[in-house]
Amino acid sequence: METQSQLPSTQLQLKGTTFLRTCINGINALSAVCWYTGLLLKRCMDANPSVRTYPDIGWLAFGFKGKIMVSVFVYMELYLVAVEFLILEGDNLQKLFPSSGFKVGSVSVEGKQMYMVLAAVFILPTTWLKSLGLLAYVSFGGVLASVVLVLCVAWVGAVDGVGFNQRNELLKLQGLPTTLSLFLFCYCGHAVFPMLSNSMNNKTQFPKVLMVCFVTSTMSYGSMAILGYLMYGDNIKSQVTLNLPTDKTSTKVAIYTTLINPITKYAAIINPIAIAIEEASRLFATRSMAILMRTLLLFTTLILALSIPFFAYVMAFTGAFLSVTNGILIPCLCYLKINKSARKFGWELVVIVGILVMGFSVGILGTCSSIKEIVKRL
């Protein structure tokens, strides 16, 4: 019987191309949907120059109740993303130093928990920054880290002996809701889009900013997804860095680079929540009280991360329930409410209704699936 290595090169190439096209097309579809809903948010903002934040769009569309509803979903999403960052730090540091941990009397503190606390200490000073201009310099480190991470993982596969030979089941329908939820989580920046747009000197260039962001993100996420599948197949873990051999220098660089991302992005994610709290109460008008509030905000995310340290399923829940709502459903519903012409039958309405149907389907299936898995592991 002819083995796979003996197949003609044209057949091997065809199989590889089909796999790549499947991955790229799937990721591109999700990226395109989220990019389009980002443009819808921008159009909602253009309808009223007084709109400054995402909740303001909810107010413009549905009044005070709309603002409250959007605020709840937006800040819940950002809060859980911040929690995810701390879990990510703990997972990867434990991978590097698996035997760490200590005891305080009868209380045993595992390495993962200890590393979450240390990560929070390092992140804390960045949360005190209010200026998006200053945060941009911090965030640049995260962009650079993402590029380095992809290169390191590719190096492990190509040079350090892991290879790209895994060929497992490409599509598992039972895992599709979780997979889609995870991908949508990766494109969950809609909550900060209005704030980013308003921070620009030339707001008309924001659609171009969205294009650059989504194309860059898709290339990064797509590359990592393809590399992880080809290297580890069905054995891949919630983070590909947890699969990498720890005795390789490239692995250490990859993990250290992964650790940089949360530190550089945490402040930008938590900033809208902090600003909303500061604007809602005069208690935090002074600089010292604002710093105290931001410190307490970080502390609460740390407590939750220590309580529910299941990276993949917390991420899937956030993606299915909150990212779908904030990134797909709310932009479409607000746009239809604000823009009367969009409600007339035509290609735009058909596209938006199609996106809403897809969003509701993924949201319901993904939320149920992720909650089931989290409860199972508690």
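The closest side-chain heavy-atom distance from L80 to L304 is below 4.5 Å. Within the 4.5 Å cutoff, no side-chain heavy atoms of V209 are placed close to those of L196. Side-chain contact between F284 and L292 is absent, with no heavy atoms from C-beta onward closer than 4.5 Å. Contact annotation: the side chain of L41 approaches that of I57 to within less than 4.5 Å [non-hydrogen atoms, C-beta and beyond]. Within the 4.5 Å cutoff, the side chain of Y75 has heavy atoms near those of the P55 side chain.
K42 is linked by a salt bridge (Lys or Arg N to Asp or Glu O under 4.0 Å) to D46, counting only residues two or more places apart in sequence or in another chain.
When atom types are taken as modelled, the side chain of N92 and the backbone of I255 share no donor-acceptor pair closer than 3.5 angstrom. Within the 3.5 Å criterion, the main-chain N or O of P245 finds a donor-acceptor partner in the side chain of T251. The backbone N or O of F193 sits nowhere less than 3.5 Å from a side-chain atom of S197 that would complete a donor-acceptor pair. With hydrogens and angles disregarded, no donor-acceptor distance shorter than 3.5 Å links the side chain of S220 to the backbone of T216. Between the side chain of N339 and the backbone N or O of Y335 there is no donor-acceptor pair closer than 3.5 Å. Under the 3.5 Å distance criterion, the side-chain polar atoms of S323 are left unmatched by any main-chain donor or acceptor of A320. Distance alone, capped at 3.5 Å, is enough to place a donor-acceptor pair between the N198 side chain and the P194 backbone. The main-chain N or O of L336 is found under 3.5 Å from a side-chain atom of R343 such that the two form a donor-acceptor pair. Between the H190 side chain and the C34 main chain, a donor and an acceptor come within less than 3.5 Å of each other.
Residues A254 and L244 share a closest heavy-atom pair of CB-CD1, 4.0 Å. Of all heavy-atom pairs spanning C152 and V253, the tightest one is SG-CG1, 3.3 Å. Between T257 and L149, the shortest heavy-atom distance links the atoms CG2-N, 3.9 Å.
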Please table the atom pairs, donor to acceptor, closer than 3.5 Å between any side-chain atom in residues 351-367 and protein atoms at least two apart or in another chain.
unit_1	atom_1	unit_2	atom_2	d
S361	OG	V357	O	2.8
T367	OG1	F321	N	3.4
T367	OG1	G363	O	2.6

Steps toward side-chain contact (heavy atoms from CB on, under 4.5 Å) verdict (L60, K67): CA-CA 8 Å; L60 184 63; K67 182 173 183 176; over 6 Å; no
Full working for side-chain contact (heavy atoms from CB on, under 4.5 Å) between E89 and M116: CA-CA 6 Å; E89 294 288 86; M116 287 184 194; 5.8 Å; no
CA sep, side-chain torsions, deciding dist, call: Y232, V162, side-chain contact (heavy atoms from CB on, under 4.5 Å): CA-CA 9 Å; Y232 298 106; V162 173; 3.8 Å; yes
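E278 and R287 are not joined by a salt bridge, as no carboxylate oxygen comes within less than 4.0 angstrom of a charged side-chain nitrogen.
Taking a 6.0 Å sphere around NZ of K376, one finds it holds more than 12 heavy atoms contributed by other residues, nucleotides or ligands.
Ring pair Y266/F85 is tilted by interplanar angle, where 30° to 60° counts as tilted.
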